[in-house]
Number of protein chains: 2
Amino acid sequence: MSRGNSCVPDQVGSAEACTILDVLGRVSGKWSIGILMETAHGPVRFTGLERAMPGISRRMLTLTLRNLERDGLLERTVHPTVPPRVEYTATEMARELYEHLAGLTQWADRHRTAVAAAREAFDDGAHR
Amino acid sequence: MSRGNSCVPDQVGSAEACTILDVLGRVSGKWSIGILMETAHGPVRFTGLERAMPGISRRMLTLTLRNLERDGLLERTVHPTVPPRVEYTATEMARELYEHLAGLTQWADRHRTAVAAAREAFDDGAHR
DNA sequence: CAGCATCCGTCAGGATACTG
DNA sequence: CAGTATCCTGACGGATGCTG
């Protein structure tokens, strides 16, 4: 999903589609949602997040945190101690967003078997 | 977003995060949502979709249609006439999904200015 | 501890030509 | 008309080493 989407307006229903794409772009990264979930219930430190998201690289953790902070979804608090201590917390806005995402989860749960069946049927009939 | 996500289970809240990522993966493509909107209210032909989505390439139109069909979100009907005539319609499942996506649009609308402000503040303080 | 810099592989997606 | 087949580019994301 490209950031900086300029959303050209001469398209049927584009305004709505672009808005959705815009917000999806904010959370469709591989780690964004996990981090939002992790920070939803209070401050978490950098290392804490690293442990909570097995497999994430330092680079991606930093990048994802920066993007979420930039959009106002995460609050970053630096305690000027030594060693440094940085805490991340999801903003109210982010928690609201998560509520809507939960709606998608419910949809997925309801139609899980239907989707699986459709896939099987499709992949099945394909190579024949 | 990688398809075929195996969703390793030894992660905090991973089940939920994976479910969301899974459904997001289905619609976070550049054209998926636009096509779902276009086909939500009745059958549309290939060329019709091509016209309705300015900028899309034949390749991406075909790929997106195939993926949506594979997941059971689109129904593909071939009329064996000459010239060929193929029609696509969103399934009931897809229309339900779109309802939930609309929730995201509302969130975006409510927080549009807040997000813009956060970005400006962030980008502003960055190079100083 | 909490990062930034660098290199590199993979893949979504664009452009274009060809076909049943 | 409705695709398939190639080629190509850029963005996303992984691995690793260095630092205030």
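In what follows, chains are A, B, ... by sequence order, proteins preceding strands, each numbered from 1.
- The side chain of Arg76(B) places an N or O atom within less than 4.0 Å of a non-bridging phosphate oxygen (OP1 or OP2) of dG3(D).
- Rounded to whole Å, atom C1' of dG14(C) lies 14 Å from atom CD of Glu50(B).
- Contact annotation: Arg66(A) reaches the phosphate of dG3(C) (side-chain N/O to OP1 or OP2, under 4.0 Å).
- We find that CE of Met53(B) is positioned 15 Å from C1' of dG14(C), with the value rounded to whole Å.
- Put simply, CD on Glu87(B) is 9 Å from P on dA2(D), counting in whole angstrom units.
- Looking at the side chain of Pro83(A), the nearest of the listed nucleotides dG14(D), dA2(D), dC1(C) is dC1(C).
- Where Arg59(A) and Pro84(A) meet DNA chain D, the nucleotide closest to each residue was compared, and Arg59(A) sits on the side nearer the 5' end.
- Using modelled atom types and a 3.5 Å distance limit, the side chains of Gln106(B) and His100(A) yield no donor-acceptor pair.
- If you check dA2(C), dC1(D), dG3(D) against the side chain of Arg58(B), the one that comes closest is dG3(D).
- Of the charged side-chain nitrogens involved, none lies within less than 4.0 Å of a carboxylate oxygen, so that Arg76(B) and Glu87(B) do not count as a salt-bridged pair.
- Atom CG of Leu61(B) and atom C1' of dT4(D) are 13 Å apart (whole Å).
- Rounding to whole angstrom units, CG of residue Leu49(B) and C1' of dC1(D) are separated by 13 Å.
- Formation of a donor-acceptor pair under 3.5 Å by the Thr62(B) side chain with backbone atoms of Arg58(B) is found in this model.
- For the pair Leu65(B) CG and dA2(D) P, the interatomic distance rounds to 11 Å; values are reported in whole Å.
- To the nearest angstrom, C1' of dA2(C) lies 14 Å from CG of Leu63(A).
- A straight line from NZ of Lys30(A) to C1' of dC11(C) spans 13 Å, rounded to a whole angstrom.
- Checked by atom type and distance alone, the side chain of Arg26(A) never pairs as donor or acceptor with a backbone atom of Leu68(A) at under 3.5 Å.
- For dA2(C), the OP1/OP2 oxygens have a side-chain nitrogen or oxygen of Arg45(A) closer than 4.0 Å.
- Phosphate proximity of dA2(C) to Thr47(A): present, with a side-chain N or O under 4.0 Å from OP1 or OP2.
- Residues Ile20(A) and Tyr98(B) approach most closely at CD1-CE1, 4.1 Å, considering heavy atoms.
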